[in-house]
Amino acid sequence: MSQKLKVGILGGTGMVGQRFIALLENHPWFEVTTIAASPRSAGKRYEDAVGGRWKMDTPMPEAVKGLVVMNVNEVEAVASKVDFVFSAVDMSKEEIKAIEEAYAKTETPVVSNNSAHRWTPDVPMVVPEINPGHMEVIEFQKKRLGTERGFVAVKPNCSIQSYAPVLTAWKEFEPYEVVATTYQAISGAGKTFQDWPEMEGNIIPYIGGEEEKSEKEPLRIWGEIKDGVIVPAESPVITCQCVRVPVLNGHTAAVFVKFKKKPTKGQLVEKLRNFSGAPQELHLPSAPEHFIQYLEEENRPQVTEDVDYEKGMGISVGRLREDTVYDWKFIGLSHNTVRGAAGGAILCAELLKAQGYITAK
């Protein structure tokens, strides 16, 4: 590509916004040219607006340090400078819905990390390897918004990344009942141990709203477009508990599955290792070469060993074994702020570009 698309980051000073900026450094297709945040950050150089709150383990990219942060509420002004935006704003759900649609109505595509639009019927919620065809609902959304090129697309919750792809790989064996417990890193709350010292040596058996998302969002991903909206699948039934654990990055899931058809372990492992989708076929820049790895060692996957598999864009699975109550059980691991947040949204934007939905203005 001779000229990169100009990208804006809405909510660029927060942890997910920072992850977007770190991952987009030297991206072959996209260039961060605009950062917008709350009025208290507006008018400051990005480096000064973030101050000592840079939470990534890599240095702040030089290219963004001097960018003057814009006011995210000045929609027309921000939109005029970019081809599309990533949204990681920290507002109420209703405020997020309103501001993302406002950007879309300026003919600026919005790829959101937020949950506000995940159940808007004509907004696609996509894991690119699983349901790339859901992007087609954008045409119906644009009619509702009255836009030519503006729309909102979202990625799903970070909690489901460690098991929804696995269940998708096993779809032909017809999983119908799933029990999942997720052990979720503190960065999922936008925190580090410095911010949240009470998490050291502690677990909290509650994450607000997370269990409902973990149970329902996979069904929307597995759904289909009917009459211009996405209709969720009805099975498998999923029940979930979500626990906050003293880990910085990486959501682990312990999962039990019942199948209508009775697969062997060899069949299940083969499906995981061979599972791929549109990102791999299209060779998208952020796509993992191998989406899911299966680890034979009894003590894997581990956060310290495996969370950065495929630069944090892959899923690690292990401990697949028969269960005495359910058919099979396994442990899954995904990087919650890469695949589960900013990286997953970037992969969605790459898919949207490849599909022709995101273009230069």
Side-chain angles (χ1 to χ4, degrees), residues 127 129-131 156-185 205 207 210-223 232-243 245 247 250-277 280 288 290-307 309-310 313-336 339-340:
V127 175
E129 285 88 351
I130 297 177
N131 60 327
N157 200 48
C158 53
S159 64
I160 74 170
Q161 309 288 334
S162 51
Y163 59 90
V166 176
L167 297 172
T168 305
W170 294 342
K171 188 177 180 181
E172 70 180 74
F173 304 119
E174 298 181 30
Y176 70 93
E177 192 173 302
V178 177
V179 175
T181 301
T182 60
Y183 304 89
Q184 300 189 200
I207 307 171
E210 204 77 355
E211 286 158 1
E212 183 182 11
K213 295 173 188 174
S214 302
E215 293 169 354
K216 302 299 184 188
E217 288 188 13
L219 297 173
R220 190 168 195 260
I221 289 168
W222 295 322
E234 294 184 356
S235 69
V237 175
I238 303 172
T239 183
C240 194
Q241 293 197 97
C242 298
V243 181
V245 295
V247 166
H251 287 357
T252 300
V255 186
F256 300 77
V257 190
K258 285 183 179 177
F259 294 97
K260 289 182 180 176
K261 298 177 180 175
K262 303 305 178 187
T264 66
K265 181 174 180 177
Q267 288 175 313
L268 292 171
V269 171
E270 179 191 21
K271 291 296 179 186
L272 295 179
R273 288 180 168 157
N274 293 329
F275 184 67
S276 65
Q280 289 72 36
H290 300 288
F291 184 28
I292 304 174
Q293 68 167 343
Y294 183 76
L295 300 159
E296 300 284 357
E297 298 92 330
E298 288 187 346
N299 63 348
R300 301 277 288 279
Q302 292 181 28
V303 169
T304 55
E305 299 286 329
D306 304 306
V307 75
Y309 171 63
E310 289 279 14
M313 290 296 287
I315 311 299
S316 298
V317 178
R319 300 210 70 208
L320 176 63
R321 58 219 191 276
E322 288 190 86
D323 185 58
T324 53
V325 177
Y326 282 66
D327 294 325
W328 293 91
K329 54 190 171 186
F330 69 91
I331 302 291
L333 171 67
S334 61
H335 197 305
N336 56 293
R339 167 58 76 161

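All residue numbers in this chain count up from 1 along the given sequence. Note that the structure is predicted; figures quoted are calculated from it, not measured. Heavy atoms only: backbone and side chains are in, while hydrogens, waters and symmetry mates are out.
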Quick one: are [X] and [Y] in side-chain contact, heavy atoms under 4.5 Å?
| X | Y | answer |
| --- | --- | --- |
| Trp328 | Pro263 | yes |
| Ile160 | Ile221 | yes |
| Tyr309 | Arg339 | no |
| Leu268 | Leu272 | no |
| Pro165 | Ile292 | yes |

If the condition is salt bridge (Lys or Arg N to Asp or Glu O under 4.0 Å), which residues does [X] pass it with, not counting sequence neighbours?
| X | result |
| --- | --- |
| Arg273 | Glu296 |
| Glu217 | Arg118 |
| Glu297 | Arg300 |
| Lys271 | Glu172 |

Could you list the residues that satisfy side chain to side chain donor-acceptor pair (under 3.5 Å) with [X], not counting sequence neighbours?
| X | result |
| --- | --- |
| Ser214 | Ser159 |
| Trp222 | Thr168 |
| Tyr326 | Glu177 |
| Gln280 | Glu129 |

Closest approach of [X] and [Y], non-hydrogen atoms and distance?
| X | Y | value |
| --- | --- | --- |
| Pro175 | Pro236 | O-CB, 3.3 Å |
| Cys242 | Glu211 | N-OE2, 2.9 Å |
| Val307 | Leu333 | N-CD2, 3.8 Å |
| Arg319 | Tyr294 | N-OH, 3.7 Å |

For this session: Before giving the answer on side-chain contact (heavy atoms from CB on, under 4.5 Å), spell out for Tyr163 and Thr182 the whole-Å C-alpha distance, their side-chain angles and the decisive distance to 0.1 Å.
Result: CA-CA 9 Å; Tyr163 59 90; Thr182 60; 4.0 Å; yes
side-chain contact (heavy atoms from CB on, under 4.5 Å) partners for [X], two or more places apart:
| X | value |
| --- | --- |
| Thr239 | Val179, Glu215 |
| Ser334 | Gln161, Ser162, His251, Ile315 |
| Lys171 | none |

How many angstroms lie between [atom1] in [X] and [atom2] in [Y], if you round to the nearest 0.5 Å?
| X | Y | atom1 | atom2 | value |
| --- | --- | --- | --- | --- |
| Glu270 | Lys265 | CD | NZ | 14.5 Å |
| Gln241 | Tyr183 | CD | OH | 8.5 Å |
| Leu295 | Leu320 | CG | CG | 11.5 Å |
| Lys258 | Asp323 | NZ | CG | 9.5 Å |
| His335 | Cys158 | NE2 | SG | 11.5 Å |
| Cys240 | Lys213 | SG | NZ | 12.0 Å |

For this session: State whether a side-chain donor-acceptor pair under 3.5 Å links Gln184 with Asn336.
Result: no
Exercise. Does NZ belonging to Lys216 count more than 12 external heavy atoms closer than 6.0 Å?
Worked result: no
Problem set entry | Glu212, CD atom: more than 12 neighbouring heavy atoms under 6.0 Å | no
Problem set entry | For Trp170, all residues meeting ring pair (Phe, Tyr, Trp, His ring centres under 6.0 Å), sequence neighbours excluded | Phe259, Phe330
For this session: Could you walk me through whether Val255 and Val166 pass the side-chain contact (heavy atoms from CB on, under 4.5 Å) test, one step at a time?
Result: CA-CA 10 Å; Val255 186; Val166 176; over 6 Å; no
Problem set entry | Lys260 side-chain N/O to Tyr176 backbone N/O, donor-acceptor pair under 3.5 Å | no
